[in-house]
Each structure stands twice: as C-alpha cells, then as structure tokens.
Amino acid sequence: MLVNIARRLAAMLAVMFIVATMVFFLTRLAPGDPASLMLGDQATAADVAQLRKTFGLDQPLIVQYVLWLKEVASGNLGQSIFLQRPVLQAIGERAEPTFFLALFSILIAAVIGIPAGIASAVWRGRHADQVASGLAMLAASIPSFWLGLLFMQFFAVRLGWFPVAGYGDPGAGLVQRLYHLVLPATVLGIVNSALITRFTRASMLDVLSEDYVRTARAKGLPEHRIILRHALGNTLVPIITVVGLTAALLIGGAIITETVFGLPGIGNLVVSAVLRRDYPVIQGALIVIAGIYVIINFAIDVIYTLVDPRVKT
Amino acid sequence: MTLPAPLLDIENLEVTFRTEENSVTPVRGVSLRVDAGRTTALVGESGSGKSVTSLAVMGLLPRPAGSISAGAIRFRMKSGETSNLASLAPDVMQRLRGSEIAMIFQEPMTSLNPVLTVGEQIAEQVRYHTGMNASAAMRRAEEMLGLVEIPDAVRRATEYPHQMSGGMRQRVMIALAMSCNPRLLIADEPTTALDVTIQAQILALIDRLRKEHEMGVLFITHNLGVVAEVADDVTVMYAGEVVESADVRTLFRNPRHPYTQALINCLPARALPGADGRRVVRSIPGAVASAAGVSGCKFAPRCAHTLAACHVSHPALETIDGGQTIRCCRWRDL
Amino acid sequence: MSDPKLVQIRGLTKHFGKAPALVHAVDDVSFDIARGEVVGLVGESGSGKSTIGRLILRALDLTAGTVEFHGREIGKLSQREIRPFRRRMQMVFQDPFASLNPRLRIKDIIGEALDAHGLAQGAARERRIGELLEIVGLQADHAARFPHEFSGGQRQRVGIARALAVEPDLIVADEPVSALDVSVQAQVLNLLQDLRQRFGMAMLFISHDLDVIELMCDRIVVLYLGRVMEAGPADVVSRHPRHPYTKALLAASPRPDPDARHTRDLLKGDIPSPLSPPSGCVFRTRCPLADAACAKAVPMMRNAGPDHYFACIHATETTSPEHVR
Amino acid sequence: MDFTALRLFLKRLFKRKLVLFAAIVLALVVILAIAAPWVAPFSPTGMKVSQRLRPPSMVNWFGTDEFGRDILSRVIYGGRASLGIGMAVVLASMIAGTTLGLLAGYFRALDNIIMRIVDAMMSLPDILLAIFLVAVLGASAGNVVLALTIVYTPRVTRVVRGSTLVVRELPFVEAAHVLGVSTWRILSVHILLNVASPILVQATFIFAYAVLAEAGLSFLGTGVPPEIPTWGTMIATGQQYADQAVWLVLFPGLAIVFSALSLQLVGDGLRDMLDPKLRKAL
C-alpha cells in the first residue's frame, strides 16, 4: 500500500513538473517582451535592457527556466507586474469567494445530480430516466454566462431577491458576502449537475448489471436494499471521485461565472491578468490551480486505497 | 402407482420478452418436475432456454421486458401448501427467494459483492428472512461456511471475495444458498467456470447437501458428463422446448428423441472407430439457430430421421411408459 | 533420434511480471512435436498450457529455454527475424467471436494472411479465399460477409481457414472447441481431423478436456502449475497413468455414463497460486502420496515405457529412472 | 459505402424519436449557417440607428440590437463562425487525439510520457487553459481553434487510449500478429476500425463543448475579436443592454443551447447503438 502511495506521489510531482514547464515555455511564446510590458510604452531601450538584466531575461532560455523552476519549487511564484505584490499574495486575497463559490456549487450539483443519476439508472428507459437524462443534457448545453445573465435579470433586477453583482461592500459580514453567492452558485450548480447526473447514471447502470446484484435479488432482498446497499455501495467511490475532481476544476473553472457576477475571485484575477498581460499572475494562478487539482486527486486516491478492500490488500 | 406430489412442477411454461419493436418467446411448452431429495438435470445447448426457465422459477426474469405468458409453476412450500409461482405477487415471491428457493450461478468470481465480507453477505440474507439479530446471523454464517467445508470458517467469514479462489467462492455461494434451509436449490451451470478437480469437489458437496437436507435440486448444465454424475432425472431442452425427459439411466441407455440420441453420440467419449484407426465423433449438422421460424418440429432441420410431416406439424409432448416424456412424432418407429 | 523433429522445446520457461508479483507461468518444460504429429497439452487453469503455445509461436517472448523449429533455434529471434517463420506455424483460437475482427469481411480476414506473406494477388487471391472456405466446409460466396452473420461454429471454421491460408507445418489450436456447443464441437473436431489427414500438418492441441485430447492426439503432455507431470502416447497415458495428478485428473473428469458413478478420491484443496508455487514437486500440496521428500527437489522425469515419462518420486511400478532424452 | 449498411445504421440511430428530432435540428442549424447569405433577411452588419433595440416583431423576428442590426440575421451569420470554429476544433482534436491515443495505448514505452502530459493538461480547467493559450497565441479565430484543439486533444487521447488498451488484447489482434501482419496495419486497420465508434461519439460531444467554450471565450473578451459576430460575442456585447432589451442575449444564447443540445442528443444516440463490448471502455 505504501508503495502504491509513493508511486502516486511520484506521478503527482511529474504532473506538476509538466504543468510548470508547459506554463513557462508557452508564456515565452507570447508576443511582447516581459520587460517592455512591465515598463510600459514610454520606457527607453536602456531602461528595458536594465530591467532585462535585473530579471535575468538576458540569459539563455534554459538557464531562465531552471532558475524559475527553482523559485517555483521553493514556493515563490514571483511578483505581479501590475498589482505590485507577490503573486501568491494576490491569489490569496482572492481565494475566499472562489472557494465558497466552488463549495456551494458542487454541493448543489451533487444534491441534484446524485439522486437524479440513481433514479434514472434504476428506472432506466422509463419516464423518470427520460426526464432526468433530458434535463441533464439540457443543463450541459447551457452556457453558464448566459444562464447567469438571465438569472441576474430575472431574480436580481426584476424581482430584487438577490444582489445583482459583486461580493458586498468592503467590511460586509460573512452572511452578507455569502448572500451574494446564492445566484452564481445556483447557476454553476445547475450546469455542473449535468456531469454528475450522467456519471452517476452510468456507474449505477454498470453496477446494476453485475452478477452480484443478481445474487442479491436471488437472496430475496427488497429492491431498495439492493440498490442502496449493494449497488450504491459499489458506486460511491467513483461518484465521490467525480464530485471531488469537479470541485477542484471549479476553483479555476468558475472564471466565467465570477466575471458575470463581478465576484472578486481567482477567476476574475486571471481574466484581468490576461487582459493586462500580467504574465507572472497567469503563470502563478495556473500552477496553484493545477496544484489544487492534483492534491485533491491524490487525496481521493488515498481514500480509495483505504476504503476499497480489493486495493487494501 | 401413486407418486408423491412433486416439490416443483412446471407445466407448459411459456416466457415472452417484449421490446418496443417485437416480442420473442425463448421458452414455450416447458414441463418438468423436481422431487424432494432428488436432482433433476435440465440439459440443453446455448439458446435452449434452460437458463430463462430457471430465472422464471426464481421470479427473476429481467423486468419489464420478460414475463411468464402462459403455464404454471407449482411449488410445494415448507408449510406443505402448494402455490403457483407464475401468479404470485412480486413481494410474496421476493420472500420465497432465498428462504424457500435458493439459486447459485455460473460465475463464482463475480457473483459476490466485492465490498462486503462473505460473512456479511450470508448474514444479511439470514437476518432478512429470519429476523435474527446481527451476531446470531453472523454465527449462522460461520456455521454455514463450515457446512460447505471451508476450513477455518470463523476467520474466513471476515474475508472479502477477492481473497478467495473460484472454488472457494462457489462454496460461499452454496453456503449462502443453504443458509435459510431452502426446499429447492437451483444450480445454473455451477461448475462450468471451474477446473475439473474443483468441479468434482463442488458436485460432491451439492450432492451431500441434497441428501442431508432432503432438498430438491434443479441442476442446469450443458455437460452430459456432469448430468450422468449428478442427476436422478433428466429433462432435455432444445430451442426453447422440452424434447424429452426420463430418469437418468433410461435417458443414457435408451434415449428416444433423435436430438437426445445425437447429443449423446457426439460426445468425444462416444467416438467410433473410423477408417485408418482414427476415431470419429458423430456430429449433428447445422446450428441451433436453424430452429428460428420453424413451424413444425424445431429439430427437423437437423434431424436424420425427418419425414415430410415433421416440417409441418409441431409434435406435442407425450408421456410414454415409465413416466418418460418425448416430443417427437416418430418415437414409435425409431 | 532418427526422425527429424518439427519442434523441439527444451527448458522452456516463462515468468510474467516482477517480484513480488512474479508469476511462474511455465517452468522448465521440454517436449517434441514430430512432423504431422498431434500433441495434446492438458491441464487446469494456471498450468501454463496456453502460454506454451504462444511461446512456441513467439507471440510471447521466452524467459529461458530454447525452441527449435525445423532444426533452427527461434527462441531468441527478434520480431522482424521471426516473420518468415510465421508462414510455417499458425494458431486457432478459443473464442470464435473475439478472434475475428468484427469490422472486416471474411475475405479480408483470410486475405490478410495471404497478403502478409505475398502468397496470392488479384484473381488468384480471390480464388484461393473461396477454395479455403470450401476446405473448411463453408461456401465461396460467404467471403463477402461479416463475422456477425455466422454462428459460433462457422466462425471457428473461418478462423481455421485463416490459419490454413499460409499452409503451415504446425497449428497451435488453443481450446478450439471449448466455447462451442457440444453438437457443434463434434463438427469442428472432425474437421480438424480431416484437415490434418489431408494436409499432414502437425498440431499442438491445447485443451482442459481429457476426452477431447484423447480423441484428437497422438501424444499427451499433462501439465500442472507450469510443469510437466507426465507425457506419453495418448492411449497409454489415459489408460495407464503413472503420475498421481494424471490419475486424479482422469478420476475427476465426469463420464457420460450413469452406471460408472463411483465415490471418487477427490483431490483436496485448491490449485496453488502460480505467484508462489510449492517448492520441490508443485503437486505435493494436493497429492495423496506426498511426504517430506517431495518438498526437497523438483522430481526428475522417470521413464515408464516407450516414450512415456512422468515426474514423481513415489509412484510405484517404476522402471529405472532416467532423464527425458 | 454500401447503402444497406448505411440504412441499417440510420434506422438504429433514429429508433429514438428524440435523436431523429435532434439530428433534424442540427441539420437545419448547419444548413442555415452555410446558406446564411441567401436565407438571412438582412445584412448582419447593416446598421439602422433609428431602429435600435427594437423588440421582436414581424419584420425583425428576433428584434434589433444597439445599432439597429437585425438579430435573426446576426444569429444566422454567427452560426457560421461558432459552428465553423467548433467543427475545426473537432476535426483537429480528433486527428491529434486519435494518433496520440493509439500510440499511447499500443506502445508501452510511449504510454507513460503521453499520459503524463495528458494528466497535466487535464489538471487545468478547460476554460482556464483556453484563456491562457489564447492570451499567449493572440486573439484571432485561428488561434481560438488552435487553443481549443490543444484543450480537447487530451480528452480524445484518453478515450482512444482506453479503447485501444481493450482492443489490443482481443484475440483478433493476436491472430494478426501471429499471421505476421505489420504493426502499422494492426494499428490502422484492426485497432482503429474498432475504436472508431467511441471516437465518433466523443466527436459529437466535443463539438458541443467547443461551441460552448468558444462562446465563453468570446464572452470574456479573450476569444474571437468582437467585430466578428459569433453567438458568444453577441451575448458579450448585448449584456450591457440586458435589462432593457433581453432579446439581445436571449436569442444567441438559445442558438447555442439548441446546437449543443442536439449535438449531445445525437452523440447519446450513437452511444446507445454502440457495440456493448466497447461501451465500457468509453
């Protein structure tokens, strides 16, 4: 089992290394020299050259890469060009709305998606299945920003039930702040429930066709017990996996929803960094977000190893 | 001669599967009986309908597509009363499964739930049918594992299926089946997936339990060697119908139906000496699929004794001397 | 040896995986196949019978040992060097459904064999495909069909036609009838017998069914956990088995005769895992004759008569022990 | 292709009425986009300031935008760009992903390296990776295609690799190997033909995702330049008028929903009729 965990850990580091490498070299493909970007249009050639030297940009690319990798490995993601502070700090300041948004929307998605998926697998081909599968497909076809705009128009502008946008005034209490998340989390929850519904349905169908479910029927157990204990027991782990990974992807994937609702989260930070060509922030955000995904993935693997008797021994 | 009422008496069973476009009848005209304390082997090749028949008895036909469209399945319960399983309400049928009728399957590797210990899986059934408390049910589970000759049963009860071999898992399945003292055990190809030396152990085990518990066994198999080993009575199916039934000695010594004769003759062990010293097996031409859409005798397209009448009229299942039944219009002259 | 052997394998060994999950699939197996001879490999799961077939065909790489084909050592040839030999030896598979590509027509499945070795083109190719189909009891106009249009037995015939296309000297038949219904089994067994007589190729016939093996084979090799237990002429081994495992296997095989029912001496316990085979004689954990000596060393092959050998130190009626060849 | 096979294929595919309906909707949307110059009632760029922000009417079925342009015409033209980009992304990512997936699934040595890169790319949310790539490459329709291709290739790779791992173990592949068939032919005939169905299904889903992602990028202002009417840019520029003229965002959004929904329904129909053995690998 320890060997397994060690192997996972190595794979996790490899993934992070590849992400970092990809991010570094792709950024260098970008048009425009980082130094001149930093100094703006008025800078003289001499100023630019000076800055290039300070940042080591005059060194060969591979040397820069190694130096940068070292920095990243030691947890230093660099300075933001525009925000005048370390990238990590900038991300930290924006973490709260993103974290809560991801949390609430995945909860909503799971609460809708898991029961819907189970129901549509159990009543496969019947009306319940057609309705649940159809709604899931519809939800997966709706652009989140469009649904967000419509919800905003209806529930916030017309009905005035929720704040239109933002994350409350500075100094607003936690409840006030969370109140601003109701609409965006609902939108994101609906859109993501589609994936969870389909995945739950598919894994449930797989398990329901297993021989041991037939054995459970031959034992004379009531149908609800067969579904809850024998079938669900065997689909729980994959469902938890997909919920966990979706949550991880929402940390960076909520960009559009954050933009629609003007939430000062990580996604918003990334979009403004892209528009301002603030490359250190983009690089840093990508690495942090990939890191969160990889860590959650690893955690799920470890839990899986602990829970499933077939992996344990 | 008055025979005691059979434990299981299937009469003219017909099973239909309906899908949106069409309906098929994989089983029709199936009649067979299983007596208490005896083993009836149900023999047939793939597509003969033997497994569908067993699922119909268990009330486990895939829903909503499959249903019993005609016939009766009379079963004598522990209480002594007989009920027709074909017309029982689903919740009543559910309570009979596992307690009155138990079933074991072909694939021991996949028939047990991988995330529950084998003890839990047996205890679950015991608790559900007897209302025993958890610890008593677990003790019963351990006792059952001992009954099926699993060494170190108390420890084994805490193991998961993947920690056991195929033969061991089939023993667990048998322990599970026996845990509520069923009157009837349906064994659907229980040794097909096992090695011969393990198969011999499992066959001996089932036979011992049948004797000790006065239990009826419906043993479904395609293997005539196994039939000769375990059966008291044999029912042969072809293309969804029963074509012949007899006690095991009569069937092997004096098979009356051309299909039964051919099936026994095409065994490698019954090969005949051919030219140049080699032995040749006698084969049946064609495949089972050739029975599709046949209006007369289903076996006529492959039969060596076909008359014109065989293609036209569908023979009925007739009872001849000694309780042997046969579905062939030429049985008198063959 | 006077007659030149078609295949000679010596010390054939195959391990899968790495420690601690090292599977001893085949361990130190030696036997010969003469030209035109049918040798049966019989054993239960984990005996390594299928692996041996694949090692001879070089569908798998050897861990140790040698395979001589027509007197030429082919055990260490690279996949490129082995290609010309693929014309001389072919395989028939167990599963008639999975062994034919469902997306190809029959003529492309058989034609591929011809193309791979440049045996026939154009009209000659088409003619040859039709001829092959007729040889295996199908019709030439079946060539345009897809596999799903055939029954299991017919597909198995197509698989045999594919193997025959290159006119091999050796066919490895890996459980060729065990996925078929009894009535269809007989057809395929008879077909294989006819073809063997007609074309005179040798066959390595792999099966778990002793009746089938006895019917089809000239000689039998009995395997258990990757090792040879007993080898000899088919009728001798099945009538006068010497090794306790062969005896147990014969006793456990159900006979289609209700009068021959008897209480048997059942082998106790399970087949050990090939991950950790017992020391010494691999059969000793289930053997009625086993004692402490059996754990010490792998038993030598003993001669029990003309061309009849077995590996047991206890079985009685011994003649003088000696190595196989 | 012989027609009986095609007819059987279509008959099985359209057994579910909903799938047939979705295919018809999809065909209509595609035809409208291709025939835009002939079917659009107005020019997509013809401004009429006097007619700005008109609600839907008999003349302008979907209303007009802030410059008085006909929204129906713009939605029809927008389909050209949105569907065109989606199609290009599908083709490119299918080719790249299939190649990589076959290589990873068949050659053990390549598997590790290809799959680690795939893992790395899939550890980033689609939209984030796309934004980053467009930012690096520069905003243009071609670069949006390139970026989305890079985003979706790993998904295809994973599916194709999974199916390849299943198919390569099937006896007909071993049979071909034993016959002496070349590795190239084994890959391109035996394996590719048998992983084609899951690839086809995946293609329809990726088409839908690509249309959605393009719209998202355009909406954020990090995609296609706003001058080009796509469904995404229309919603992006329309959003500031959403409180007075909701039709500016409603209709382009509905166009996206209908296209994506019918694509996914067709994909689902394809999956339903797939070979059940390959279905698990999907």
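Throughout, protein chains are lettered first and strands after them, A, B, ... in sequence-line order, and every chain is numbered starting at 1. Everything numeric in this text was worked out from a predicted model, so none of it was measured.
- Taking CD1 of D/I256 as the start and OG of A/S141 as the end, the distance is 11.0 Å to the nearest 0.5 Å.
- Residue A/M22 holds its CE atom at 6.0 Å from CG of D/L129, rounded to the nearest 0.5 Å.
- Closest approach of A/W146 and D/V249 over heavy atoms only: NE1-O, 2.6 Å.
- Atom CZ of residue D/R116 and atom CG of residue A/L13 lie 11.5 Å apart, to the nearest 0.5 angstrom.
- Among all heavy-atom pairs drawn from A/R198 and D/F205, the shortest one is NH1-CE2, 3.3 Å.
- Interface residue A/T259: only side-chain heavy atoms are found under 4.5 Å from chain D.
- A 6.0 Å sphere centred on CZ of A/F25 holds more than 12 heavy atoms belonging to other residues, nucleotides or ligands.
- Interface residue D/L265: backbone and side-chain heavy atoms are both found under 4.5 Å from chain A.
- Across every non-hydrogen atom of D/L212 and A/P143, the tightest pair is CD2-N, 3.7 Å.
- In this structure the side chain of A/V270 never reaches within 4.5 angstrom of the side chain of D/F132, judged on heavy atoms.
- Shortest non-hydrogen contact noted between A/L249 and D/S123 is CD2-O, 4.3 Å.
- Note: A/L286 leads A/V271, A/I289, A/L286, A/I142 in heavy-atom pairs under 4.5 Å with chain D.
- Neither the backbone nor the side chain of D/A208 comes within contact range of chain A; no heavy atom of the residue lies under 4.5 Å from a heavy atom of that chain.
- We find the CD1-CG distance between A/I255 and D/L217 to be 9.0 Å, quoted to the nearest 0.5 Å.
- Within the 4.5 angstrom heavy-atom criterion, only side-chain atoms of D/Y209, from C-beta onward, approach chain A.
- One finds the CD1 atom of D/I150 at 7.0 Å from the CG atom of A/L26 (value rounded to the nearest 0.5 Å).
- Distance check: A/F145 CZ to D/I235 CD1 gives 4.0 Å after rounding to the nearest 0.5 Å.
- Closest of all the heavy-atom pairs between A/I18 and D/A120 is CG2-CB, 3.5 Å.
- Contacts with chain A were tallied for D/D268, D/D119, D/L220; D/L220 has the most, counting heavy-atom pairs under 4.5 Å.
- Interface check for chain D: of the options A/M152, A/R158, A/M137, the most heavy-atom pairs under 4.5 Å are formed by A/M137.
- The part of A/L275 that comes within reach of chain D is its side chain, from C-beta onward, which places non-hydrogen atoms under 4.5 angstrom from that chain.
- Within the 4.5 angstrom heavy-atom criterion, atoms from both the backbone and the side chain of D/L250 approach chain A.
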